[in-house]
Amino acid sequence: MIVRKNMGLASPLVLVTLVLGFCFATYNLVTMIMHNRAISKWVEDDANGGIFFDPVIKMPENVRKPKNARLPFHVAVTATDATYSQWQCRIMYYWYKKKKDLPGSDMGDFTRILHSGSPDNFMDEIPTIVVDPLPEGLDRGYIVLNRPWAFVQWLEKATIEEDYILMAEPDHIFINPLPNLASGGFPAAFPFFYIKPADYEKVLRKFFPEEMGPVTNIDPIGNSPVIIKKDLLKKIAPTWMNVSLKMKDDPETDEAFGWVLEMYAYAVGSALHGVQHILRKDFMLQVWQLEPYFSKPPWDLEIGKKFIIHYTYGCDYNMKGELMYGEIGEWRFDKRSFLRGPPPRNLSLPPPGVPESVVTLVKMVNEATANIPNWEA
């Protein structure tokens with residue numbers, strides 16, 4: 001009798017244990033599935049066919065475009081009428097035309113936004129709209145302060161057929177057909193390693209109040225390259241302009257940000273509108289040797305499947321193909337060597353051992369200058 005009683009008590013305990021164990025296992029399984037689903041929304045195809053985790057947002061499924069859908073964007077570049085800006089724009093426009101209609105491209109029409117206030121000699125060669133510069137003295141010699149004001153004017157007066165806009169710069173060269181990397185209300189941008197909002201919280205709080213959230217809500221970007229919906233840029237551009245002017249007016253901010261002040265202004269302006277960007281490192285590669293703020297900054301040695309070359313500061317090499325930091329090399333290419341006139345046709349190629357990115361840049365400059373009529377005019 002005692003044995004039967006104990007066995008009778010044991011059976012319900014075993015059943016309860018089994019049920020609890022089953023529930024626990026089911027919970028873990030469901031949690032794992034949900035976790036994997038959540039992660040899958042972070043994953044984006046990169047240009048090399050791999051995956052990366054979007055560090056900014058979980059991409060909502062309802063704004064993903066079908067893989068074969070074409071969402072053209074208007075290419076817009078702000079420029080001055082200085083020779084230095086003109087020859088860069090001519091090279092950029094040459095390569096835009098070469099890549100525009102290739103498979104994989106979403107590039108639409110092109111506009112050079114000339115913020116000199118009057119036409120120049122290249123109106124017939126490059127599609128151009130003329131807008132006014134800032135009132136005299138307002139930029140305090142910081143010419144890029146005219147960029148947001150130029151976009152404000154262009155967006156007000158131009159008829160733009162495309163729903164998206166790529167904000168670009170004269171020293172950009174298209175090396176591969178560029179698709180629309182944006183998704184709905186989420187613009188695409190290139191992350192710059194030297195834009196560090198968290199390092200400047202005290203300064204940024206003057207323009208980005210605490211009620212807007214942590215300063216990490218400010219993306220590590222500038223306005224270029226950015227692909228953004230036209231209607232969204234219309235909202236951001238006036239804020240971007242006003243923040244730029246206020247930053248320049250504040251001595252502490254001006255000293256802290258220096259030549260990247262306008263980049264921080266766009267990042268803050270878009271964050272004030274609650275806009276977050278998809279960060280795409282494959283958007284652009286950078287060819288440079290030396291920046292004022294950095295002795296040996298990271299830069300890109302290979303082209304891969306990136307879309308834009310941004311050539312910034314000069315590249316100096318000896319004839320062994322060794323990079324010369326802080327010295328004039330036996331071979332060099334520096335866009336600032338051509339402030340008063342365009343580079344000559346048929347630049348000498350770098351010596352053996354120089355990275356692919358530099359060789360490709362010089363070859364692309366040479367092809368453009370060889371085929372653009374009246375290049376040295």
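Atoms considered below: every heavy atom in the structure, side chains included; atoms not considered: hydrogens, waters and symmetry mates.
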Step-by-step side chain to side chain contact (heavy atoms under 4.5 Å, CB included) determination, L114 to V131: CA-CA 6 Å; L114 187 62; V131 298; over 6 Å; no
Derivation of the side chain to side chain contact (heavy atoms under 4.5 Å, CB included) call for M167 and F73: CA-CA 10 Å; M167 293 187 283; F73 54 83; over 6 Å; no
Extract all donor-acceptor atom pairs below 3.5 Å that involve side chains of residues 158-165 and protein atoms in other chains or at least two apart in sequence.
residue : atom : partner : partner atom : Å
E162    : OE1  : H74     : ND1          : 2.9
E162    : OE2  : D109    : N            : 2.8
Y164    : OH   : G184    : N            : 3.3

Are more than 12 heavy atoms from other residues, nucleotides or ligands located less than 6.0 Å from atom [atom1] of [X]?
X	atom1	value
K206	NZ	yes
K196	NZ	no
R336	CZ	yes

May I have the list of side-chain donor-acceptor pairs in residues 231-240 shorter than 3.5 Å, sequence neighbours left out?
residue : atom : partner : partner atom : Å
T239    : OG1  : H273    : NE2          : 2.7
W240    : NE1  : E262    : OE2          : 3.4

Counterpart residues, side-chain hydrogen bond (donor to acceptor under 3.5 Å, both in side chains), relative to [X] (two or more places apart):
X	result
D171	H310, K335
R345	none
K100	none
T253	D250

Could you label the plane-to-plane angle of the [X] and [Y] rings as parallel, tilted or perpendicular, counting under 30° as parallel and over 60° as perpendicular?
X	Y	result
W375	W87	perpendicular
Y200	Y264	perpendicular
H277	Y266	perpendicular

Rounded to the nearest 0.5 Å, how far does [atom2] of [Y] lie from [atom1] of [X]?
X	Y	atom1	atom2	answer
L178	K306	CG	NZ	14.0 Å
F307	M284	CZ	CE	13.0 Å
W149	S244	CH2	OG	13.0 Å

L102: hydrophobic cluster co-members (side-chain, 4.5 Å): none
By salt bridge (Lys or Arg N to Asp or Glu O under 4.0 Å) - contacts of K229 (at least two apart): none
Below 3.5 Å, can you tabulate the donor-acceptor pairs from side chains in residues 118-125 to any protein atom, sequence neighbours excluded?
residue : atom : partner : partner atom : Å
D120    : OD1  : R112    : NH2          : 2.8
D120    : OD1  : F122    : N            : 3.1
D120    : OD2  : Q86     : NE2          : 3.1
D120    : OD2  : R112    : NH1          : 2.8
D120    : OD2  : R112    : NH2          : 3.4
E125    : OE1  : R90     : NE           : 3.2
E125    : OE1  : R90     : NH2          : 3.0
E125    : OE2  : R90     : NE           : 2.9

Residue pairs involving residues 348-371 (criterion salt bridge (charged side-chain N to carboxylate O under 4.0 Å, His left out); sequence neighbours excluded): K98-E367
Test ring-ring contact (aromatic ring centres under 6.0 Å, His included) applied to F208 - qualifying residues, sequence neighbours left out: none
All ring-ring contact (aromatic ring centres under 6.0 Å, His included) counterparts of Y84, not counting sequence neighbours: none
Presence of salt bridge, K248 and D254, under 4.0 angstrom: yes
Atom of I221, atom of A267 and distance for their closest heavy-atom approach: O-CB, 3.7 Å
Nearest atoms (heavy-atom pairs only) where V260 meets Y194: CG1-CE1, 3.7 Å
